[in-house]
Amino acid sequence: MNLKSLETFIWCARLGSFSAAALKLNATQPTVSMRIKNLEATLGIDLFDRTHKSNKLTPKGRELLQYGESIIKLVDEATSRVANTSHVSGHVKLGVTETVAMTWLPDLVRQLDTNFPRLRVELEVGLTNVVWSQLLSGEIDLALLPGPVRGVGLVSHSLGLVDYKWMASPKLELPDRDLTPADLKSQSIITLSAHSNLHNVISDWFKQSGADHWRATVCNSLSAVSSLTIAELGVSLMPPEIFQDQLLANKLKVVETNLPLNPIEFVSCYPATGQPIAAQIALAAQSCSTFRRLN
């Protein structure tokens with residue numbers, strides 16, 4: 001039994017098919033099948049139940065998966081602590097949401113360029129649900145997104161809290177008092193699509209007061225949300241940290257409400273048995289994050 005075969009087995013079990021594991025490992029499907037057969041021959045057991053169309057693990061397969069994930073995690077920890085970072089090479093894919101991309105992501109990329117000069121970093125910027133799906137499918141190696149996140153075999157670290165405030169153009173001339181969800185319900189709510197965490201936060205906020213039905217203008221970009229808000233087309237929920245220039249220029253104003261909004265915690269998340277470099281990138285993300293630290 002070798003690490004390559006063990007890693008292949010883990011990804012086949014996690015992704016549910018040999019073809020998906022082959023794509024993740026940049027290998028051919030026959031190669032993946034051969035590694036699994038050799039592993040089964042070495043152990044003298046069947047790891048997958050071939051009577052099912054999907055790759056369902058046998059009881060012994062489930063047992064090996066627990067050991068395998070522990071072994072790979074230990075190897076990754078040893079590699080990350082002992083290896084000279086300037087010699088780390090390869091390709092890593094990061095998935096980030098727009099709030100991260102518009103704040104401290106350049107600092108993170110700069111730090112990675114300095115610490116890992118031979119590492120090729122590829123970035124995917126998307127909505128929360130899209131980034132989350134990419135992580136679960138193995139399309140990306142590390143995600144920086146709103147939490148909380150839960151999943152078997154996943155490791156997460158806090159990146160801090162982000163405060164969100166209702167905003168509008170001063171020219172919209174909303175009442176100068178704490179507004180209620182019922183007040184805002186009469187306005188068009190400019191927000192990201194249902195694939196975003198922000199959309200869910202807004203829905204929950206309105207439901208708290210019984211104002212379930214609200215009018216929405218939906219797009220897939222936070223920059224577009226701010227532009228439409230400045231153009232007096234409605235109100236939006238956005239992080240003031242990102243739009244300080246627009247607030248100072250009086251293009252946007254914070255709309256105070258009588259129902260407080262809880263801050264959103266952002267996290268880094270990666271598979272425990274994924275790329276060894278993911279843990280180090282997660283630590284770098286923590287050091288670069290400008291989000292408010294947890295007490």
Side-chain angles (χ1 to χ4, degrees), residues 24 80 85 88 90-117 119-151 153-164 191-202 218-227 236-245 263-272 274-294:
K24 170 65 182 176
S80 65
T85 59
V88 174
H91 172 216
V92 64
K93 293 185 71 173
L94 307 185
V96 304
T97 55
E98 203 171 1
T99 301
V100 173
M102 295 177 69
T103 48
W104 47 268
L105 182 62
D107 292 334
L108 175 61
V109 173
R110 188 177 296 111
Q111 186 174 130
L112 296 180
D113 284 344
T114 301
N115 294 344
F116 308 100
L119 182 69
R120 183 163 66 92
V121 179
E122 184 176 339
L123 299 172
E124 293 280 346
V125 180
L127 299 175
T128 303
N129 285 4
V130 174
V131 173
W132 179 244
S133 296
Q134 290 175 328
L135 181 69
L136 294 180
S137 67
E139 295 176 57
I140 59 176
D141 302 297
L142 175 79
L144 308 177
L145 73 173
V149 296
R150 297 181 182 87
L154 294 176
V155 179
S156 67
H157 302 283
S158 176
L159 297 172
L161 301 172
V162 177
D163 294 305
Y164 282 76
T191 185
L192 300 175
S193 77
H195 294 294
S196 73
N197 183 68
L198 193 60
H199 193 283
N200 296 331
V201 169
I202 292 174
V218 175
C219 58
N220 65 352
S221 162
L222 198 57
S223 297
V225 169
S226 67
S227 296
S236 58
L237 189 64
M238 297 186 292
E241 178 180 349
I242 294 179
F243 300 104
Q244 284 299 314
D245 290 345
I264 296 174
E265 182 182 10
F266 276 67
V267 298
S268 62
C269 187
Y270 57 93
Q275 287 220 43
I277 194 64
Q280 293 192 60
I281 295 176
L283 290 175
Q286 276 189 317
S287 69
C288 291
S289 173
T290 58
F291 300 155
R292 180 159 55 87
R293 303 294 180 184
L294 291 168

Among Leu145, Ile264, Leu192, Thr99, which residue meets the side chain to side chain contact (heavy atoms under 4.5 Å, CB included) test with Asn197?
-> Ile264
Of Val125, Ile140, Leu112, the residue whose pairing with Leu94 passes side chain to side chain contact (heavy atoms under 4.5 Å, CB included) | Leu112
For Asp163, check salt bridge (charged side-chain N to carboxylate O under 4.0 Å, His left out) against everything at least two apart and list the hits.
-> Arg292
Given side chains that start at C-beta, do those of Asp141 and Ile281 come closer than 4.5 Å, heavy atoms only?
-> no
Side-chain heavy atoms of Pro148 within contact of Val267, under 4.5 Å | no
Let me see the working for Asp113 and Arg110 under salt bridge (charged side-chain N to carboxylate O under 4.0 Å, His left out), right down to the final yes or no.
-> CA-CA 5 Å; Asp113 284 344; Arg110 188 177 296 111; over 6 Å; no
His157 atom NE2, over 12 foreign heavy atoms within 6.0 Å = yes
Enclosure of Asn220 CG (heavy-atom neighbours >12, cutoff 6.0 Å) | no
Minimum heavy-atom separation for [X] to [Y], with atom names?
X: Ser268; Y: Ala282; result: OG-CB, 3.5 Å
X: Leu222; Y: Ile242; result: CD2-CD1, 3.9 Å
X: Cys288; Y: Gln111; result: SG-NE2, 3.2 Å
X: Leu144; Y: Ala285; result: CD2-CB, 4.1 Å

Would you kindly say whether Thr290 and Glu241 are connected by a side-chain donor-acceptor distance under 3.5 Å?
-> yes
For residues 130-137, tabulate all N or O donor-acceptor pairs below 3.5 Å that involve a side-chain atom, not counting sequence neighbours.
from   : atom 1 : to     : atom 2 : distance (Å)
Ser133 : OG     : Asn129 : O      : 2.9
Ser137 : OG     : Ser133 : O      : 3.1
Ser137 : OG     : Gln134 : O      : 3.1
Ser137 : OG     : Glu139 : OE2    : 2.8

Please lay out, stage by stage, how Tyr164 and Val201 fare under the test side chain to side chain contact (heavy atoms under 4.5 Å, CB included).
-> CA-CA 10 Å; Tyr164 282 76; Val201 169; over 6 Å; no
Candidate pair Glu265 and Ser158, rule side chain to side chain donor-acceptor pair (under 3.5 Å), full reasoning | CA-CA 7 Å; Glu265 182 182 10; Ser158 176; 2.7 Å; yes
Where the side chain of Ser196 meets the backbone of Ser193, is there a donor-acceptor pair that is under 3.5 Å apart?
-> yes
Does [X] have any side chain to side chain contact (heavy atoms under 4.5 Å, CB included) partners at least two apart in sequence or in another chain, and if so, which?
X: Pro240; result: Lys165, Met167, Gln244, Leu247
X: Ser226; result: Met238, Phe243
X: Ala278; result: Tyr270

Over 60° means perpendicular and under 30° means parallel, so classify the ring planes of Phe291 and Trp104, tilted if in between.
-> perpendicular
List for me each residue that meets side-chain hydrogen bond (donor to acceptor under 3.5 Å, both in side chains) alongside Thr97, sequence neighbours excluded, and say none if there are none.
-> none
Dump the intermediate steps for side chain to side chain contact (heavy atoms under 4.5 Å, CB included) on Asn200 and Thr128, then the final yes or no.
-> CA-CA 11 Å; Asn200 296 331; Thr128 303; over 6 Å; no
Measuring from Leu108:CG to Ser287:OG, what's the distance to the nearest 0.5 Å?
-> 7.5 Å
